Trainee: 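Submitted below is the structure of interest, expressed as structure tokens.
This structure is a prediction, so every number in the text was calculated from the model and none was measured. Quick note on labels: first sequence line is chain A, next is B, and so on, each numbered from 1.
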Number of protein chains: 2
Amino acid sequence: MVDRTADDGSLLLQDQLCFALYAASRSVIARYRPLLDELELTYPQYLVMLVLWEQQTASVRELGAALQLESSTLSPLLKRLEAGGLIHRQRRADDERSVSITLSEAGAELREKARAVPLAIGEAMGLTPEQDATAKHLLRLLTANVNRTA
Amino acid sequence: MVDRTADDGSLLLQDQLCFALYAASRSVIARYRPLLDELELTYPQYLVMLVLWEQQTASVRELGAALQLESSTLSPLLKRLEAGGLIHRQRRADDERSVSITLSEAGAELREKARAVPLAIGEAMGLTPEQDATAKHLLRLLTANVNRTA
DNA sequence: CTCGATTTAGTCGCGCACAACTTAATCGAG
DNA sequence: CTCGATTAAGTTGTGCGCGACTAAATCGAG
């Protein structure tokens, strides 16, 4: 198969980086699914937990900034995490507009069960450390460029 | 920032290729949105149209194979494309289980308006041809690996 | 030829994802 | 101090995306 560059006007599906991206993202998330089912988390919920395991607490706004998600996506998701007993939500005293999200006991404990997940995914992806680093670099560059004048 | 490789058990969001992938995919699709709004298409609908512009006709099964989507995703999407007057759907005479999707006049004509889209996106992504090719290669490798034992 | 297995679309339920909007709290120029 | 502008979170509506399931048509071993 002869690929064309990003610069021509090809309308062929297989020429498009964006489709490779879209397909790869869904494939990786599908790979996560059985692992996250064990933790009773969806993939976006897992991402929220990653942020909280890292920094204990965050506002909805901060979670949105870290994950590039709107409050309209996060609010219901956080409600489900709270219903699942993994987080607490409370209005901040010093700024009643903000809501602090914190880990519950169960949420903090879940971290240990999650430890095995990145390993298993890394193995399934099957890239060399160099390929992994290159891919991350290019994806971040791409994201920054695309968001630049968005 | 010091990145770790895919092989360790880091639970840091920024270390994870999968998050870079997820964020990049959504950013690119968001970039498409205003362009596709002009065509009154969503991104997945646009992908279906790409396949049809390429080969005139396809069954639901073939579209699913090309785009890696389930019939439970495609059936309602195709219903919307039909309601929008871009495609026709008809049971295949030789195998009543299959449904043939074909372009309508309007669907075929939309191709010309879509010509400018890949150019604009390619420009927004801002990768060199080499980077674009590398990214596509790595994403396909990744997807193949992840799906292999799925 | 027959009938259980397979294949193809489709429906349903749930959880994102995002645009558009609302509500409430805070900010800040005058 | 005040009040219009801004900010934070949440609601609503639409369209994916997929698992679980169903219905109907076809296949194929015996």
Trainee: Grab the CD-P distance between A:Q90 and D:dA8 for me, whole Å please.
Mentor: 18 Å

Trainee: How about A:T57 and A:I101: do any of their side-chain heavy atoms sit closer than 4.5 Å?
Mentor: no

Trainee: With hydrophobic residues grouped by side-chain heavy-atom distances under 4.5 Å, do A:I87 and A:V99 end up in a single group?
Mentor: yes

Trainee: Go nucleotide by nucleotide along DNA chain C from the 5' end; which of B:R97 and A:S71 gets its closest nucleotide reached first?
Mentor: B:R97

Trainee: Starting from P on D:dC18, measure out to CG on B:L67 and report it in whole angstrom.
Mentor: 11 Å

Trainee: Within this structure, what is the CG-to-C1' distance between B:D94 and D:dA24, rounded to whole angstrom?
Mentor: 16 Å

Trainee: Quickly work out the B:K79 NZ to C:dC12 C1' distance and round it to whole Å.
Mentor: 12 Å

Trainee: Quick one: are B:L103 and B:L86 in side-chain contact, heavy atoms under 4.5 Å?
Mentor: no

Trainee: Check the distance between C:dT26's C1' and A:R92's CZ and give it to me in whole angstrom.
Mentor: 14 Å

Trainee: Starting from P on C:dT26, measure out to CG on A:D95 and report it in whole angstrom.
Mentor: 5 Å

Trainee: Verify the contact: side-chain N or O of A:R89 to OP1 or OP2 of D:dG10, cut-off strictly under 4.0 Å; return yes or no.
Mentor: yes

Trainee: Answer whether the closest heavy-atom distance between the side chains of B:L142 and B:L138 falls below 4.5 Å.
Mentor: no

Trainee: State, yes or no, whether a side-chain contact exists between A:R89 and A:K79 at a heavy-atom distance under 4.5 Å.
Mentor: yes

Trainee: Let's go through A:L13 and B:E54 carefully: what are the C-alpha distance in whole Å and the side-chain angles of both, what is the deciding distance for side-chain contact (heavy atoms from CB on, under 4.5 Å) to 0.1 Å, and is it a yes or a no?
Mentor: CA-CA 8 Å; A:L13 181 68; B:E54 206 171 315; 4.1 Å; yes

Trainee: Can you pull every protein N or O that's under 3.5 Å from an N or O on nucleotides 14-17 of chain D?
Mentor:
{"residue": "D:dC16", "atom": "OP1", "partner": "B:T42", "partner atom": "OG1", "Å": "2.6"}
{"residue": "D:dC16", "atom": "OP2", "partner": "B:Q45", "partner atom": "NE2", "Å": "2.8"}
{"residue": "D:dC16", "atom": "OP2", "partner": "B:R80", "partner atom": "NE", "Å": "2.7"}
{"residue": "D:dC16", "atom": "OP2", "partner": "B:R80", "partner atom": "NH2", "Å": "3.0"}
{"residue": "D:dC16", "atom": "O5'", "partner": "B:R80", "partner atom": "NH2", "Å": "3.0"}
{"residue": "D:dG17", "atom": "OP1", "partner": "A:Y22", "partner atom": "OH", "Å": "3.4"}
{"residue": "D:dG17", "atom": "OP2", "partner": "A:Y22", "partner atom": "OH", "Å": "2.2"}

Trainee: Measure CG/A:L74 against P/D:dG10 and give the value in whole Å, please.
Mentor: 9 Å

Trainee: Want to settle it: does A:S27 or A:S75 sit nearer the 5' end of DNA chain D, counting the closest nucleotide to each?
Mentor: A:S75

Trainee: With a 4.0 Å limit, can you tell me whether B:S98 has a side-chain N or O closer than that to the phosphate oxygens OP1/OP2 of C:dA9?
Mentor: yes

Trainee: Roughly how many Å is it from CD in A:E96 to P in C:dT26, rounded to a whole number?
Mentor: 6 Å

Trainee: Hey, are the side chains of B:T102 and B:Q56 touching, using non-hydrogen atoms and a 4.5 Å cut-off?
Mentor: no

Trainee: Should D:dG30 form a Watson-Crick or G-U wobble pair with both distances under 3.5 Å, which nucleotide is its partner?
Mentor: C:dC1

Trainee: Identify which nucleotide among C:dA9, D:dG10, C:dT11 has an atom closest to any side-chain atom of A:R91, counting heavy atoms from C-beta outward.
Mentor: D:dG10

